[in-house]
Amino acid sequence: MTALLFILKDIILPIFIIMAIGYILQKKFKLDLSTLAKLNIYFVVPAFIFVKLYESSFTIQLFVNVLSFFILLVVLLYIIASITAKIMKMDNKKKTTFANSTMFFNSGNYGVPVNDLVFKSDPYAMSIQVIMLTLQNIFVFSYGIFSLKSADVGKLKAALGYFKMPVLYAMLSGVLLNYWNVPIPDFIWVPAHYIADAMVALALLTLGAQVANLKKIAISSFVLVSGGIRLIIGPALALAIIYLFNVDGITAQALLIASSMPTAVNSAVIAQEYNSHPDLAAQTVLFSTICSSLSVAFVIYLGSVLF
């Protein structure tokens with residue numbers, strides 16, 4: 001009960017406050033949602049990934065283990081989402097948005113504070129969350145954008161377009177400068193930190209503005225099924241992978257909890273940018289975030305019992 005109350009008061013409520021501000025601003029000023037999406041993709045997310053990778057301290061073995069877990073999890077989620085989308089007779093664009101809503105989960109503004117609470121600021125547990133966070137952001141702004149663009153311009157052109165994305169170079173710079181212990185001068189580091197700190201607020205404000213533009217907020221079969229896969233099947237698959245890899249202790253708990261997060265806000269951001277059912281994407285994020293207040297609390301409890 002304590003964990004549930006914490007999640008509701010200290011995580012869910014702040015998220016919805018920022019979303020409410022975005023909702024109000026959109027209703028009053030009619031913000032340009034395409035511009036907001038571009039600010040997320042080309043401005044704050046690259047800085048966020050660069051800063052987090054440069055600041056993180058983790059071993060190669062831990063990174064490889066988390067990467068293996070992450071790849072297997074998203075592949076299984078993609079297979080389940082694709083089969084489900086086919087059964088539900090979705091067109092290509094809707095299928096892509098649906099799959100993205102199940103594979104992309106909120107590892108940042110939701111996952112990080114949950115990890116901090118559960119493990120009482122344990123640096124090892126947080127390093128696992130940071131790796132998951134980094135992989136998620138790279139995945140969203142590589143495959144996520146590729147999958148949406150390929151529906152319109154073809155796979156080759158979409159793949160070449162990824163090399164124009166600043167997130168790729170932010171990732172490489174963060175990893176290499178960290179590995180070589182290259183000091184970053186303050187005149188670069190200070191603005192990078194300022195920009196990175198804006199990511200959560202801008203992403204949630206964008207989501208609030210998207211919600212304000214919805215003609216109606218309805219819980220459709222798309223939203224229900226997507227939320228079920230993300231919040232129930234996702235953690236169940238993660239648990240199976242943890243047992244398959246024979247992982248235990250804090251590592252197992254951290255991976256299980258990280259896999260239980262709701263749909264990532266950035267899935268709605270890129271859906272808006274590439275006009276791929278942005279209404280459905282925003283509704284899915286909203287629905288899964290609300291329901292996660294209960295599902296995440298249960299997963300936290302389950303992890304403490306099992307590991």
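When all heavy atoms of Val44 and Ala198 are compared, the closest pair comes out as CG1-CB, 4.1 Å. Across all their heavy atoms, Met103 and Val74 have their closest contact at SD-O, 3.6 Å. When all heavy atoms of Gln129 and Ser107 are compared, the pair lying nearest together is NE2-O, 2.9 Å. Ala125 and Ile250 make their closest contact through CB-CG2, 3.8 Å (heavy atoms, listed as atom of the first residue, atom of the second, distance). In this structure, Val211 and Met19 approach most closely via the heavy-atom pair CG2-CE, 4.5 Å. Taking every heavy atom of both residues into account, Gln26 and Leu31 meet most closely at OE1-N, 2.9 Å.
You'll find the side chain of Phe98 stays beyond 4.5 Å of the side chain of His277, heavy atoms only. At a threshold of 4.5 Å between non-hydrogen side-chain atoms, the residues Phe16 and Ile290 count as touching. The shortest distance between side-chain heavy atoms of Arg230 and Phe105 falls below 4.5 Å. Asn115 places none of its side-chain heavy atoms less than 4.5 Å from the side chain of Ile257. Counting heavy atoms from C-beta outward, Leu72 and Leu244 have side chains that approach closer than 4.5 Å. Under the 4.5 Å side-chain criterion, counting only non-hydrogen atoms from C-beta, Val225 is in contact with Ile229. Using a 4.5 Å cut-off on side-chain heavy atoms (C-beta onward), Phe50 and Leu177 make contact. The side-chain heavy atoms of Ile242 and Phe69, taken from C-beta on, include a pair separated by under 4.5 Å.
Between the side chains of Ser101 and Ser226, at least one donor-acceptor pair of N or O atoms lies under 3.5 Å. In this structure, a donor-acceptor pair under 3.5 Å is present between the side chains of Asn40 and Thr206. If you check the side chains of Asp279 and Gln283, you find no donor sitting under 3.5 Å from an acceptor. A donor-acceptor pair shorter than 3.5 Å cannot be found between the side chains of Thr97 and Lys93.
Between the side chain of Ser260 and the main chain of Val299, no donor-acceptor pair closer than 3.5 Å is present.
Note that CG of Leu39 is 9.5 Å distant from OG of Ser34, once rounded to the nearest 0.5 Å. Within the model, atoms CG of Leu62 and CD1 of Ile131 stand 4.0 Å from one another, a figure rounded to the nearest 0.5 Å. The NZ atom of Lys86 sits 8.0 Å away from atom NZ of Lys95, with the distance rounded to the nearest 0.5 Å. Here the CZ atom belonging to Phe70 is positioned 5.5 Å from the CG atom belonging to Leu135, to the nearest 0.5 angstrom. Leu286 contributes atom CG, which lies 10.5 Å from atom OG1 of Thr263 (distance to the nearest 0.5 angstrom). One finds the CG atom of Leu205 at 6.5 Å from the CG atom of Leu36 (value rounded to the nearest 0.5 Å).
Across Asp197, Thr134, Leu133, Leu53, a single residue satisfies side-chain contact (heavy atoms from CB on, under 4.5 Å) together with Phe48, and that is Leu133.
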Verdict with supporting geometry, Ile17 and Leu13, side-chain contact (heavy atoms from CB on, under 4.5 Å): CA-CA 6 Å; Ile17 287 174; Leu13 183 58; 4.1 Å; yes

Take Ile241 and Leu76, measure what side-chain contact (heavy atoms from CB on, under 4.5 Å) needs, and give me the verdict at the end. CA-CA 10 Å; Ile241 296 169; Leu76 291 174; 4.1 Å; yes

Please walk me through it: do Phe139 and Ile71 pass side-chain contact (heavy atoms from CB on, under 4.5 Å)? CA-CA 10 Å; Phe139 187 47; Ile71 291 174; over 6 Å; no

One pair to check against side-chain contact (heavy atoms from CB on, under 4.5 Å): Phe245 and Asn65. What are the steps and the verdict? CA-CA 9 Å; Phe245 287 176; Asn65 291 343; over 6 Å; no

Under the side-chain hydrogen bond (donor to acceptor under 3.5 Å, both in side chains) criterion, do Ser173 and Tyr54 qualify, and how do the steps go? CA-CA 8 Å; Ser173 300; Tyr54 184 80; over 6 Å; no

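Under the 4.5 Å side-chain heavy-atom criterion for grouping Ile, Leu, Val, Met, Phe, Trp and Tyr, Tyr169 is not connected to Val51 through any hydrophobic cluster. Two different hydrophobic clusters hold Val114 and Tyr301 under the rule that ILVMFWY side chains link at heavy-atom gaps under 4.5 Å. Both Leu204 and Val285 sit in one connected hydrophobic cluster of ILVMFWY residues. Membership requires side-chain heavy atoms under 4.5 Å apart, directly or through other members. The hydrophobic clustering, which links ILVMFWY residues whose side-chain heavy atoms are closer than 4.5 Å, places Ile184 and Val130 apart. Trp189 is not connected to Tyr194 by any chain of hydrophobic side-chain contacts under 4.5 Å among Ile, Leu, Val, Met, Phe, Trp and Tyr, and they are in different clusters.
In this structure, Tyr243 and Phe307 have tilted ring planes: the angle between them lies in the 30° to 60° band.
Atom CG of Asp186 is surrounded by 12 or fewer heavy atoms from other residues, nucleotides or ligands within 6.0 Å.
Residues near Ile24 contribute nothing to a hydrophobic cluster around it, because no ILVMFWY side-chain heavy atom sits closer than 4.5 Å to its side chain.
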